[in-house]
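Written out below as structure tokens is the structure these notes cover.
Throughout, protein chains are lettered first and strands after them, A, B, ... in sequence-line order, and every chain is numbered starting at 1.
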Amino acid sequence: MATENFQAPKGTRDFYPEDMAVRRYIEDIWRRVSVRHGFQEVDGPTFESLDLYKVKSGEEIVSQLFSFTDRGGRDLALRPEFTPTLARMVAQRGAGLPRPIKWFSIARCYRAEQPQKGRLREFMQWNVDYIGDTSDRAERECLALCVDALREFGLDDADFHVGWNHREWLNRLLTSTFVSPDRLGAAYYILDRLHKYDRKALYSEQKCSDGEREWFDFIADTKNQSLAELTDLLIQKKSSGGAPERSQTAALSSEIYSTVREFEKRLKDNGLGAMCRFDLSIVRGLAYYTGFVFEVSDRQGENRAIAGGGRYDNLIKMFGGPSLGAVGFGMGDVVLEILLRQRNKLPGAILDNHRNPDVFIVNALEDTTCAESLIFQLRRSQWDAARARIEHPGLYAACSYRSTRNIGKLLQEAAASGAKLAVILAPAEFQQGLAKLKNLAERTEREIPLASLVAEIRQRCPAGPALSRPPSG
RNA sequence: GUGGAUUUAGCUCAGUUGGUUAGAGCACGAGGUUGUGGUCCUCGGGGUCGCGGGUUCGAAUCCCGUAAUCCACCCCA
């Protein structure tokens, strides 16, 4: 048989123990924070019918999916995101679900794209959706959850910030000032790229008029303004550009404007003002967003977006469900992990992947039967049948897999494992039916009868396994 | 899908104009005279030099192809 060199497929990752520990750390925080914000976890299939993904994104999406045909001739695709599945699930239960529906999922997703730093073909995505509430409380709850999770990772406003915008307001603002309705698409395209690319190239690519160029330059140079300041500046500019057009400035003082202003104020009241900023350049590609949109970025600007989302009031209906307003966001594990590493925010114990044993058995006897049965006894949980519950949870009992019976070396290994206790089985005491039980941290030891050893150890490890850092030099 | 850079041990990297059996540090393993702590000493296992062709007496080194990684496009749900 020919031997071949296999590598993980392009854009995928192997999770060795130390990698798996990091992934679990990230997923645990996503889950923990979601739950305390009142969201419930859901999941669905990893693949869906190909048509499901065309509903939202059209035919073009197909080239970016991993798709296949099953033996029954059904066209299927690995999920590139969770939202269509979620919409399908909500549509299926329809009116039966209590409102609002607050769901999250931690989904493995697949995209057939060119891999780059922060962007792979297989990744984990935390998906949060708040469905059935058309008030902007939904936006604030989602934003608060997103920010709270990032803080739980040890990141703060020196590491990330949130840029937000409002689609409907943006349309109003643009059409009332300098963009004709047929140029809205081009305007979105330019706003999205205004800070990332050469402006002149963008303008000529999009065939901008001189007037448009002047306005875009103006917007690009007045970034970092609050919503109110930016709006005032635009109105002033509009007025100074010619005779003030009352109908248009009136449009700017519309109901949407006061809604958006109120939203900005509420963010401040909720302590999110410092890290959230109104930003006209946050557009977020696809068309299904109907209102508020936001994006979380690396403050130092090195990485891709950390998270993004917004309001999509038509989506559930598009999937055949009731007409329900919804807000949601997604956060991937790839950029987040890069950022956590760059800022040195991953706890050392996680990186070491060090689950410390409760007890380490040092066997200096020729015969291994006593050590082995001791280990299996300690690891086993003791089930109380009468009360239908676990009486004593099993302990993490470790031992050496080396052949040496040199007690010094074995204790060295026990200490390196970070175990709290060590049992020393050695000929002199063993012949008298005794073993030594050593507290590795305090370097104290006692002789214990073999018969009561398990009970003694259980008593000294009551809390069950703990995740902690091994003692350092 | 299109361009550019990169690929040598588990990791980080040396390797001269093409010339014996491809090296180092870290990591890993064993031992250090029969019983107590991460040090130290000695020794060791590991590499089809990404993969496949070609040129040459001889290729890690030069040429072609190919895969993966990173970067820039496309796109970003």
When all nucleic acid strands are considered with a 4.0 Å heavy-atom cut-off, which category describes A/G118: base, sugar-phosphate, or nothing?
nothing

What about A/K10, does its side chain sit under 3.5 Å from the base of B/U69 through a donor-acceptor pair?
no

From CZ of A/R304 across to C1' of B/C73 the rounded distance in Å is 12 Å

Going by purine N1 to pyrimidine N3 plus the second Watson-Crick contact, or the G-U wobble pair, all under 3.5 Å, which nucleotide sits opposite B/A27?
none

I'd like the P distance from B/A77 over to B/U69, given in whole Å.
22 Å

Measure all distances between protein nitrogen or oxygen atoms and nitrogen or oxygen atoms of nucleotides 8-11 of chain B, and list the pairs falling under 3.5 Å.
none

Close aromatic pair by centroid cut-off 6.0 Å: A/F39 and A/W103:
no

Quick one: do the A/T85 and A/E48 side chains pair a donor with an acceptor below 3.5 Å?
yes

Whole angstrom value for the distance that separates P of B/C76 from CG of A/L191:
16 Å

Salt-bridge present (A/R199, A/D221; N to O < 4.0 Å):
yes

To the nearest angstrom, the CG-P distance between A/D192 and B/C74 comes to 11 Å

OH of A/Y188 versus P of B/C76: gap in Å, rounded?
15 Å

Could you pick out which residue, A/L65 or A/G11, lies toward the 5' side of RNA chain B when each is mapped onto its nearest nucleotide?
A/G11

How close or far is atom P of B/C76 from atom CZ of A/F123, stated in whole angstroms?
14 Å

Suppose we call a contact any N or O donor and acceptor under 3.5 Å apart; does that hold for the side chain of A/E113 and the base of B/G1?
no

Taking CD1 from A/I407 and P from B/U33, how many angstroms apart are they, rounded to a whole number?
14 Å

A/D51 versus A/S49, side-chain donor and acceptor atoms under 3.5 Å:
no

Is it true that A/R32 and A/D28 make a salt bridge, defined as a side-chain N closer than 4.0 Å to a carboxylate O?
no

Which nucleotide, B/A77, B/G1, B/G37, lies nearest any side-chain atom of A/Q114?
B/G1

Inter-nucleotide C1' distance (B/U56, B/C74), Å rounded
44 Å

Just verifying a value: how many Å separate A/D148 CG and A/L143 CG, rounded to the nearest 0.5 Å?
11.5 Å

Hey, does A/R405 reach any base, or is it just sugar-phosphate, or nothing, if we go heavy atoms under 4.0 Å?
nothing

Any A/Q116 side-chain nitrogen or oxygen under 4.0 Å from OP1 or OP2 of B/A72
yes

Distance, P atom - from B/G23 to B/A9, rounded to whole angstrom
14 Å

In Å and rounded to the nearest 0.5 Å, what is the CD1 to CD1 distance from A/I106 to A/I26?
10.5 Å

Out of B/G37, B/U36, B/A77, which has the shortest distance to the side chain of A/A415?
B/G37

Answer with base, sugar-phosphate or nothing: what part of the nucleic acid does A/A364 contact at a heavy-atom distance below 4.0 Å?
nothing

Inter-nucleotide P distance (B/A24, B/C43), Å rounded:
12 Å

Within less than 4.0 Å of OP1 or OP2 of B/C74, is there a side-chain N or O belonging to A/Q64?
no

B/A60 to B/U8 separation - C1' atoms, rounded to the nearest Å:
7 Å

Between A/R111 and A/A8, whichever has its closest RNA chain B nucleotide further toward 5' is A/A8

Classify the nucleic acid contact of A/L410 as base, sugar-phosphate or nothing, counting any heavy atom under 4.0 Å across all strands shown.
nothing

Does any nucleotide pair with B/G38 by Watson-Crick or G-U wobble geometry, both distances under 3.5 Å, and what is it?
none

Can you tell me the pairing partner of B/G1 across any strand shown, Watson-Crick or G-U wobble, with both distances under 3.5 angstrom?
B/C73

Determine the Euclidean distance between corresponding C1' atoms of B/U61 and B/G54; express it in Å to zero decimal places.
15 Å

A/E429 near the nucleic acid: base, sugar-phosphate alone, or nothing, with a heavy-atom cut-off under 4.0 Å?
base

In whole Å, what is the span from the CZ atom of A/R88 to the P atom of B/A77?
22 Å

So which nucleotide from B/C73, B/A77, B/G37 ends up closest to the side chain of A/I61?
B/A77

Pair assignment for B/U20, Watson-Crick or G-U wobble, requiring both distances under 3.5 Å
none

Partner of B/C49 under the Watson-Crick or G-U wobble criteria, both distances under 3.5 Å, comes out as none

Under a 4.0 Å N-O cut-off, is there an ion pair linking A/R405 with A/E366?
yes

Is there, by distance only and without an angle test, a donor paired with an acceptor across the side chain of A/K409 and the base of B/U36 below 3.5 Å?
no

B/U42 and B/C26: how far apart are their P atoms, nearest whole angstrom?
12 Å

No-hydrogen, no-angle side-chain donor-acceptor test under 3.5 Å, A/D192 and A/Y197
no

A/R79 with A/D43: basic N within carboxylate O range, under 4.0 Å
yes

Measuring to OP1 and OP2 of B/A72, would you say a side-chain N or O of A/Y197 lies under 4.0 angstrom away?
no

Any side-chain N or O of A/Q412 below 4.0 angstrom from OP1/OP2 of B/G38?
yes

Specify the separation, in whole Å, of atom CG of A/L86 and atom C1' of B/A77.
14 Å

Scanning all shown strands, the Watson-Crick or wobble mate of B/U33 with both distances under 3.5 Å is none

Considering only atom C1', compute the distance from B/C28 to B/G10 and round it to an integer number of Å.
8 Å

Provide the Watson-Crick or G-U wobble partner of B/U7, both distances under 3.5 Å; none if there is no partner.
B/A67

State which of B/G35, B/A77, B/G37 makes the closest approach to the side chain of A/Y289.
B/A77

When we call it a touch if two heavy atoms are under 4.0 Å apart, what does A/A428 touch: a base, just sugar-phosphate, or nothing?
base

With ring pair (Phe, Tyr, Trp, His ring centres under 6.0 Å) as the test, pick out the partner of A/W164 among A/Y289, A/W169, A/F263.
A/F263

